Amino acid sequence: MKKACSQLAWGLALELIDFRFNAFDLFPDVVGLILILLGLSNMPFRHRGFAIAKGAAGMKLAFLVLQMFGLRMDFSLTGAYEPPAAETLALVGMVLAVDLAMLYGICGGIRAAAQAANKSGLAAFARDERRVLFALGTAQSVLLPCLLNFEDGIMGWLQLSGFGYLVASFWVILLVRRAGRELSGPGGDGDGNAESEGHAERRIDIAV
């Protein structure tokens, strides 16, 4: 569990942070997404949330390939504002939905793993983080189409919700790192299922 969470945390960090030098991305998002996929694949605790996150990460990887061929799937919220085309907004909304599904699934999987291991504090952290992500992601999804009408104040609200979503995404990294510490067995890479099976064997021995 510890190794998988480490891969997942590093992948999320590389995917979220862009270090650019003369428009060259020093840490391409594709590297981060590959680490995310590796971390989710190595998770010893199987849950639907991790499966959803893995599928979403695969879709984000496909989107990156399309961007390499010139398909625009983003626009600046902080630079010189240029009204985006309706097609661009639709693609941005799609990418946002996939990103939200990935982070939401990670939080859901960690919450289930924490509940199975009786880690109530970690489970509550994952639950609250998932709620915040859903609220901010929904707010952005509602605000994006409003840009087509050039309504006053929409860009400011979109910037505010976008910044909040970015901060919440970084909190997911902290959640993953905490899960790696609290859900790892004595050997460092154990999982809650193995520990539960051990307890079950001891109960059987006592019963016999």
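As the structure is a computational prediction, the values presented were derived from the model and not from experiment.
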Grab the two heavy atoms, one from F45 and one from A116, that are nearest each other, plus how far apart they are. CE1-CB, 3.8 Å
Between F170 and L100, is there shared hydrophobic-cluster membership here, with clusters defined by ILVMFWY side-chain heavy atoms closer than 4.5 Å? yes
Are V132 and F125 in one and the same hydrophobic cluster, where Ile, Leu, Val, Met, Phe, Trp and Tyr link if side-chain heavy atoms are under 4.5 Å apart? yes
Just say parallel, tilted or perpendicular for the rings of F50 and H47, cut-offs at 30° and 60°. perpendicular
When you compare the side chain of L91 with that of L66, does any pair of heavy atoms fall below 4.5 Å? no
Hey, is CZ on F163 packed in by over 12 heavy atoms from elsewhere, all under 6.0 Å? no
Closest approach of A126 to I110 (non-hydrogen atoms, all atoms of both residues): CB-CG2, 4.3 Å
Measure across S141 and L96 and return the closest heavy-atom pair with its distance rounded to 0.1 Å. OG-CD2, 3.6 Å
Just wondering, do L14 and D29 contact through their side chains at under 4.5 Å, heavy atoms? no
Could you grab the distance from atom CZ of R181 to atom CG of L122, nearest 0.5 Å is fine? 9.5 Å
Answer yes or no: is there a side-chain heavy-atom contact under 4.5 Å between K2 and L183? no
Set of salt bridge (Lys or Arg N to Asp or Glu O under 4.0 Å) partners for R130, sequence neighbours left out: none
List the steps and the verdict of side chain to side chain contact (heavy atoms under 4.5 Å, CB included) for L8 and M43. CA-CA 10 Å; L8 185 54; M43 281 290 177; 3.8 Å; yes
Look at the aromatic rings of F134 and Y104 and report parallel, tilted or perpendicular, splitting at 30° and 60°. tilted
Drop me the distance from L174's CG to L12's CG, to the nearest 0.5 angstrom. 10.5 Å
Rounded to the nearest 0.5 Å, what's the gap from CG on L136 to CG on L103? Could you check? 11.5 Å
All heavy atoms of V176 vs all of C5, minimum pair found to be CG1-O, 3.2 Å
Value for CG (L35) from OG (S6), rounded to nearest 0.5 Å, stands at 9.0 Å
Please round to the nearest 0.5 Å and tell me the distance separating atom CG of L61 and atom CZ of F63. 11.0 Å
Spell out, yes or no, whether L64 and W10 are grouped together once hydrophobic residues are joined by side-chain heavy atoms under 4.5 Å, including indirect joins. yes
Pairs involving residues 105-116, ordered by first then second residue, that meet side-chain hydrogen bond (donor to acceptor under 3.5 Å, both in side chains) (sequence neighbours left out): none
Ignoring hydrogens, what is the shortest heavy-atom contact between I36 and A57? Give both atom names and the distance. CG2-CB, 4.0 Å
Check whether any side-chain heavy atom of W157 sits under 4.5 Å from a side-chain heavy atom of L160, and report yes or no. yes
Give, for atom OG of S120 and atom CZ of R127, the distance between the pair rounded to the nearest 0.5 Å. 10.0 Å
Within residues 161-180 or reaching into it, pairs that qualify as side-chain hydrogen bond (donor to acceptor under 3.5 Å, both in side chains) - sequence neighbours excluded: D99-Y165, R178-E182
Side chains of M102 and E15 in contact at under 4.5 Å (non-hydrogen atoms): yes
When I106 is tested against each of V172, I173, L133 for side-chain contact (heavy atoms from CB on, under 4.5 Å), which residue passes? V172
What are the two closest non-hydrogen atoms of A114 and A123, and how far apart are they? CB-N, 3.6 Å
